[in-house]
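Before any comments, here is the structure.
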Amino acid sequence: MKKLLFALLLLPLAGCFDADMTFTVNDDDTATMRAVMSMGPEMYGMIASSGEDPCEEGVGETLADGGYICTIEETDTLDNIVADLKQAQEGQESPMDLAEGFTLERLDGGLVKVAFDLASLGEGAAESGMDPAMMGSMMQAFEGHGMTITVVGKEIVDTNGTLSDDRKSATMHIPLTAIMTQDATLPNSFDVTLKSK
């Protein structure tokens with residue numbers, strides 16, 4: 001998911017782009033990652049004309065206005081995800097492709113901590129070597145668009161995101177402009193500690 005976002009950020013011509021990702025810790029000790037990415041007709045047209053599949057690992061849908069939505073959903077046990085992340089950190093392939101920018105760890109007392117690395121997104125944009133004129137046009141195109149990450153569980157114990165009234169979810173919205181400019185108000189990571197059962 002992170003690689004796909006980088007590819008979109010670094011395209012020379014930018015169109016409308018939004019992404020919503022929800023990571024749900026289920027009652028049966030599994031977790032589900034669901035990501036929905038939507039792009040405007042210009043963006044989709046550029047990717048389609050390059051021959052790339054914009055939704056290789058998910059289900060894609062072309063909209064009536066020429067836009068495109070890609071939905072990716074995977075479920076696995078918490079133990080398998082932890083093991084997969086460890087494998088990926090050791091240079092092996094991760095089945096859920098969550099290793100980059102994502103950590104999950106079990107804590108004492110039946111707690112689980114989930115963290116999404118936001119700093120690396122900004123670093124990738126800053127290191128793109130884009131000239132100021134192109135950066136300016138991309139910033140204008142990205143205005144009003146962004147990523148929203150939500151973590152859902154039995155009870156959220158601690159988070160630096162926005163906590164829901166029922167304490168069952170925490171959300172953080174990341175404007176694409178904040179990623180591009182490495183906005184100092186954007187935290188280095190979105191952290192959530194929750195009860196797994």
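Excluded from the calculations below are hydrogen atoms, water molecules and symmetry mates; all remaining heavy atoms, backbone and side chain alike, are included. Since this is a predicted model, take the numbers as computed values, not measurements.
Under the side chain to side chain donor-acceptor pair (under 3.5 Å) criterion, D108 pairs with no residue at all, not counting sequence neighbours. Residues passing the side-chain contact (heavy atoms from CB on, under 4.5 Å) test with D27, sequence neighbours excluded: none. Among residues two or more places apart in sequence or in another chain, the ring-ring contact (aromatic ring centres under 6.0 Å, His included) test is passed with Y44 by Y68. In terms of the salt bridge (Lys or Arg N to Asp or Glu O under 4.0 Å) criterion, E105 has no residue partners (sequence neighbours excluded). Partners of S196 under the side chain to side chain donor-acceptor pair (under 3.5 Å) rule, at least two apart in sequence or in another chain, do not exist in this structure. For T71, the side-chain contact (heavy atoms from CB on, under 4.5 Å) partners at least two apart in sequence or on another chain are R34, V36, I69. With sequence neighbours excluded, no residue satisfies salt bridge (Lys or Arg N to Asp or Glu O under 4.0 Å) with R167. For N188, there are no side chain to side chain donor-acceptor pair (under 3.5 Å) partners at least two apart in sequence or on another chain. In this view, D165 satisfies the side-chain contact (heavy atoms from CB on, under 4.5 Å) rule with no residue, not counting sequence neighbours.
From T24, atom OG1 reaches atom CD of E73 across 8.5 Å, with rounding to the nearest 0.5 Å.
Note on residues 147-163: pairs passing side-chain hydrogen bond (donor to acceptor under 3.5 Å, both in side chains), not counting sequence neighbours, are T148-H173, T150-T171, E155-K195. The stretch residues 59-69 participates, sequence neighbours left out, in no salt bridge (charged side-chain N to carboxylate O under 4.0 Å, His left out) pair at all.
Grouping Ile, Leu, Val, Met, Phe, Trp and Tyr by side-chain contacts under 4.5 Å, direct or through others, puts L111 with L107, V157.
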